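Quick caveat, the model's predicted, so the values are computed rather than measured.
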Amino acid sequence: MDRSLTRTISLLLFSLLIFCYVGLFEHAGSWSKITFSTGRYPAPNFLRKAKVESPKTPKTTQPEPPSFSESSYSDNEPTILSSKKSVSTIHLRSPPPKNPDPPTKNEIIQFPVNSTIQENHIYETFEKRKKHLNFVCKRLRQVVDLNQNKADNFDELQQFQKDLLQSKEDDKACKPITHPAGLLDNLFKSEDYKIRTCLPTKTGSTSWLRTLISLETYHGSKSPDQVRESWGSYSQRMWKNAWLLEEQVKTKTGDQGWMSLMTVRHPMARLYSAWKDKFRKGQPWLKVIEKQFQYYLLRLERNDMSNAAYEYSFEAFVELVALTDFDGQRDRHWTSIHTYCNPCAIPYDFIVKQEYGFEENDYLLQIYDQEGKYQNLKSIPKRSQWGHQLDEKPIEVEDMLEPWKDISKTTIKQIYKTFYLDFVYFNYSIDEFIAVGKNDDGVLDDVKKTMKTKINAQSSKVKWMDTNHCRDSFNEACQFTEMTGYRLNCKGYKRLSFSTYEEAEAFACADEEITGIGLSAGQYCVSSIEGSLTKTTEKGRSRSWIKKEHPVLISK
């Protein structure tokens with residue numbers, strides 16, 4: 001071979017060797033992520049040093065042929081595995097998924113959720129619902145005033161809901177009054193696990209309660225499906241708050257690591273579910289319902305129910321509901337959601353619609369347990385506490401229409417007005433139900449007129465609890481209404497007593513927490529929102545005065 005050619009080839013090989021050596025040295029940091037397991041040929045010293053100094057990376061367990069060793073991985077590069085027998089054999093595989101990003105803040109939803117979990121259409125849906133609720137709450141005074149002043153005008157109420165997105169914010173914001181009757185048994189929280197929920201009846205609430213029990217009692221070691229405790233037996237052990245609620249929730253918000261959620265459902269579907277569950281013959285709760293409503297149900301019944309599975313027909317039940325103007329006249333199983341949860345006063349980050357609960361519930365558990373602490377807390381129960389299979393697909397409006405085909409359009413419109421705030425808060429529509437309803441034959445008109453008068457007469461004492469939604473400054477309007485024939489139970493302030501009414505009133509006006517003044521045995525006392533009114537026959541000896549903007553419970 002020609003000498004000059006030999007020199008040229010040697011020079012090229014030498015240059016190539018130098019180039020490779022320098023390149024390896026300059027990229028020692030990245031090469032330190034490669035595991036050398038060649039057996040015969042050890043890694044260079046500078047690579048060993050770089051590997052020791054570099055931070056350890058997590059190992060993943062993936063099935064590989066036994067002749068290959070596992071290697072650590074780079075976030076951006078494929079993993080390289082070397083053969084023990086030959087340095088010339090390499091195998092490539094895709095890296096494991098990236099570690100979850102740290103939680104990030106959101107302008108709409110305050111609870112921190114890492115970006116990986118946020119990249120989901122369900123999260124976008126939660127954002128839209130929260131954004132809609134925030135929008136409505138800034139216009140709540142308009143909604144409330146319209147509902148009260150135009151309660152008999154269905155068309156105007158419906159048109160306002162449709163045009164709501166074009167409305168302006170209220171000049172004077174509404175600070176909603178927290179309704180004590182709704183929150184007593186449906187708002188739960190866990191201090192240890194930082195989760196707060198409002199679970200109205202007939203919204204899939206039992207499934208979430210079983211999840212809370214799994215956390216609070218079993219520390220997440222038991223799957224919610226395995227929890228058998230019932231709502232009634234456990235609710236007394238859960239935290240419930242009916243007084244000073246708005247103050248307490250200020251320190252339990254999403255940006256402070258508290259997950260807050262509420263469950264909702266289309267009002268029309270929720271009413272049908274309440275009837276189907278509570279009006280079955282032999283249902284224990286039916287006795288409670290009959291104690292209050294049997295007189296009306298018997299007179300509104302037009303069907304022969306002797307051989308039916310239900311004590312009263314759905315038609316009779318719906319007519320009864322349509323006769324009630326506010327929640328103080330209803331059973332707790334069809335009390336409006338806004339009374340239960342007061343979504344404009346309490347910040348809920350996540351609004352779960354029961355119609356899509358089959359996927360939203362489990363996704364929320366993923367958000368709650370982003371660090372994977374609770375391996376058995378991965379799914380909300382798919383069966384009810386009675387063993388019924390729950391839906392595992394979206395529930396469309398068409399699926400809800402069938403039972404309403406035998407209900408008159410007049411009654412359906414009244415139901416819409418009765419639950420107007422729920423329709424507006426959670427963006428539900430009544431159009432499809434009006435379309436399938438039948439024309440009213442007027443047979444029950446006289447009966448319903450009589451029943452309406454009787455219902456209103458029996459519940460006049462509590463009506464103002466449901467018609468006063470917005471609270472103004474207490475310093476400007478500290479006024480009391482005398483409740484004749486009722487004794488005020490002064491819970492929370494039992495040790496305080498005043499010799500004159502004026503002293504008690506001055507004390508009550510200076511404290512927003514005080515809701516009423518009571519007189520018993522010549523002494524005046526004051527009460528927080530925990531206080532309740534009890535009917536009494538002691539004339540003159542027992543009197544009470546209630547702050548107009550702070551309702552209390554009235555015991556029957």
Response to the item:
Of F423, W404, F433, Y428, the one forming a ring pair (Phe, Tyr, Trp, His ring centres under 6.0 Å) with Y416 is F423
Worksheet entry | Heavy-atom side-chain contact between R129 and F426 under 4.5 Å | no
Discussion item. For a side-chain hydrogen bond (donor to acceptor under 3.5 Å, both in side chains) check, start with the C-alpha distance between Q159 and D163, then their side-chain angles and the critical distance, and finish with the verdict.
Written reply: CA-CA 6 Å; Q159 193 60 48; D163 295 341; 3.1 Å; yes
Worksheet item: Do the charged groups of K373 and E371 touch, with an N to O distance under 4.0 Å?
Response: yes
Practice prompt. Test the R330-F326 pair against the cation-pi criterion, namely NZ or CZ under 6.0 angstrom from the six-membered ring centroid and within 45° of the ring axis.
Written response: no
Worksheet item: How long is the gap from CG on L157 to NZ on K162, to the nearest 0.5 Å?
Response: 12.5 Å
Worksheet item: What are the two closest heavy atoms between L199 and L209, and how far apart are they?
Response: CD1-N, 4.0 Å
Discussion item. Is it the case that the side chain of Q370 and the backbone of I367 share a donor-acceptor pair, with hydrogens and angles ignored and the cut-off at 3.5 Å?
Written reply: yes
Discussion item. Measuring from atom NZ of K138 to atom SG of C344, what distance do you get when rounded to the nearest 0.5 angstrom?
Written reply: 11.0 Å
Worksheet item: Which atoms form the tightest heavy-atom contact between K202 and S273, and what is the distance?
Response: CE-OG, 3.1 Å
Worksheet item: For the residue pair W275 and Y312, is the inter-centroid distance of their aromatic rings smaller than 6.0 Å?
Response: no
Practice prompt. Start with the C-alpha distance between D192 and S190, add both sets of side-chain angles, then the distance that settles side-chain hydrogen bond (donor to acceptor under 3.5 Å, both in side chains), and finish with yes or no.
Written response: CA-CA 5 Å; D192 293 334; S190 170; 5.4 Å; no
Item to complete: Taking the side chain as every heavy atom from C-beta outward, state whether K452 and K449 have any pair of such atoms under 4.5 Å apart.
Response: no
Worksheet item: Which pair of non-hydrogen atoms, one from H132 and one from Y425, has the smallest distance, and what is that distance?
Response: CD2-O, 3.2 Å
Worksheet item: Any donor and acceptor pair, going by atom type alone, linking the side chain of S214 with main-chain N or O of R210 inside 3.5 Å?
Response: no
Fill in: Side chain R299, main chain Y295, donor-acceptor under 3.5 Å
yes
Discussion item. Please check if the number of heavy atoms outside K131 that lie under 6.0 Å from its NZ is greater than 12.
Written reply: no
Discussion item. What I want to find out is whether E191 reaches K194 closely enough, with some N-O distance under 4.0 Å, to be called a salt bridge.
Written reply: no
Fill in: Under 3.5 Å: donor-acceptor pair, side chain of Q226, backbone of S223
yes
Worksheet item: If you round to the nearest 0.5 Å, how far is CD of E432 from CD of E396?
Response: 10.5 Å
Worksheet item: What orientation do Y193 and H219 show, parallel under 30°, tilted 30 to 60°, or perpendicular over 60°?
Response: tilted
Worksheet entry | Side chains of T211 and L365 in contact at under 4.5 Å (non-hydrogen atoms) | yes
Practice prompt. Just do the side chain to side chain contact (heavy atoms under 4.5 Å, CB included) check on I407 and I415 with the steps written out, would you?
Written response: CA-CA 11 Å; I407 308 301; I415 293 290; over 6 Å; no
Worksheet item: Is it the case that D327 and T335 place a side-chain donor and acceptor less than 3.5 Å from each other?
Response: no
Discussion item. Using only atom types and a distance under 3.5 Å, with no angle test, would you say the side chain of T263 pairs donor to acceptor with the backbone of V352?
Written reply: no
Fill in: Where V447 and L300 come nearest, the two heavy atoms and their spacing
CG1-CD2, 4.2 Å
Worksheet item: Do NZ/NE/NH1/NH2 and the carboxylate oxygens of K448 and E319 come within less than 4.0 Å?
Response: yes
Worksheet item: Would you say Q375's side chain and G372's backbone share a donor-acceptor pair under 3.5 angstrom?
Response: yes
Worksheet item: Donor-acceptor pair, D422 side chain versus F419 backbone, under 3.5 Å?
Response: no
Practice prompt. Go through the steps to decide whether Q158 and D431 satisfy the test side-chain hydrogen bond (donor to acceptor under 3.5 Å, both in side chains), and finish with yes or no.
Written response: CA-CA 9 Å; Q158 187 185 37; D431 292 341; 2.3 Å; yes
Practice prompt. For the pair T450 (side chain) and D446 (backbone), establish whether a donor and an acceptor sit closer than 3.5 Å, ignoring hydrogens and angles.
Written response: yes
Worksheet, complete the sentence: In short, N303 meets E301 closest at the heavy-atom pair N-OE2, 3.0 Å
Worksheet item: For K409, does the NZ atom have more than 12 heavy-atom neighbours from other residues, nucleotides or ligands under 6.0 Å away?
Response: yes
Worksheet item: So, R302 and D441, do they make that salt bridge, N to O below 4.0 Å?
Response: yes
Item to complete: Taking the side chain as every heavy atom from C-beta outward, state whether L146 and Y420 have any atom pair closer than 4.5 Å.
Response: yes
Worksheet entry | Expected output: side-chain D255 to main-chain Q110 donor-acceptor under 3.5 Å | no
Item to complete: Drop me the distance from L377's CG to S221's OG, to the nearest 0.5 angstrom.
Response: 10.0 Å
Worksheet item: Just wondering, do F293 and L320 contact through their side chains at under 4.5 Å, heavy atoms?
Response: yes
Item to complete: Find out whether I117 and Y363 are in side-chain contact, i.e. whether some heavy atom of one side chain is under 4.5 Å from a heavy atom of the other.
Response: yes
Fill in: Separation of L133 CG from I351 CD1 (nearest 0.5 Å)
4.5 Å
Worksheet item: Looking only at heavy atoms, which two atoms of M305 and K281 are closest? And how far apart?
Response: O-NZ, 2.9 Å
Discussion item. Determine whether H333 and K278 satisfy the following criterion, side chain to side chain contact (heavy atoms under 4.5 Å, CB included), listing intermediate values before the conclusion.
Written reply: CA-CA 8 Å; H333 291 92; K278 301 305 176 187; 3.2 Å; yes
Worksheet item: Backbone N or O of T217 within a donor-acceptor pair of the K222 side chain at under 3.5 Å?
Response: no
Item to complete: With the side chain counted from C-beta on, respond yes when I122 and E359 share a heavy-atom pair under 4.5 Å apart, and no when they do not.
Response: yes
Discussion item. Please determine whether side chain to side chain contact (heavy atoms under 4.5 Å, CB included) holds for the pair F135 and R139, giving the CA-CA distance in whole Å, both sets of side-chain angles, and the decisive distance to 0.1 Å.
Written reply: CA-CA 7 Å; F135 186 91; R139 294 152 179 80; 3.3 Å; yes
Worksheet item: Among F317, Y340, W285, which residue meets the ring pair (Phe, Tyr, Trp, His ring centres under 6.0 Å) test with W334?
Response: F317
Worksheet item: When you look at F350 and F126, which way does the ring pair (Phe, Tyr, Trp, His ring centres under 6.0 Å) test go after all the steps?
Response: CA-CA 6 Å; F350 301 99; F126 283 133; 5.4 Å; yes
Practice prompt. Taking the side chain as every heavy atom from C-beta outward, state whether D369 and K378 have any atom pair closer than 4.5 Å.
Written response: yes
Item to complete: Look up atom CD in E402 and atom OH in Y272, then write down how far apart they are to the nearest 0.5 Å.
Response: 8.5 Å
Worksheet item: Hey, mind stepping through R332 and T339 against side chain to side chain contact (heavy atoms under 4.5 Å, CB included) and telling me if it holds?
Response: CA-CA 10 Å; R332 65 187 303 271; T339 286; over 6 Å; no
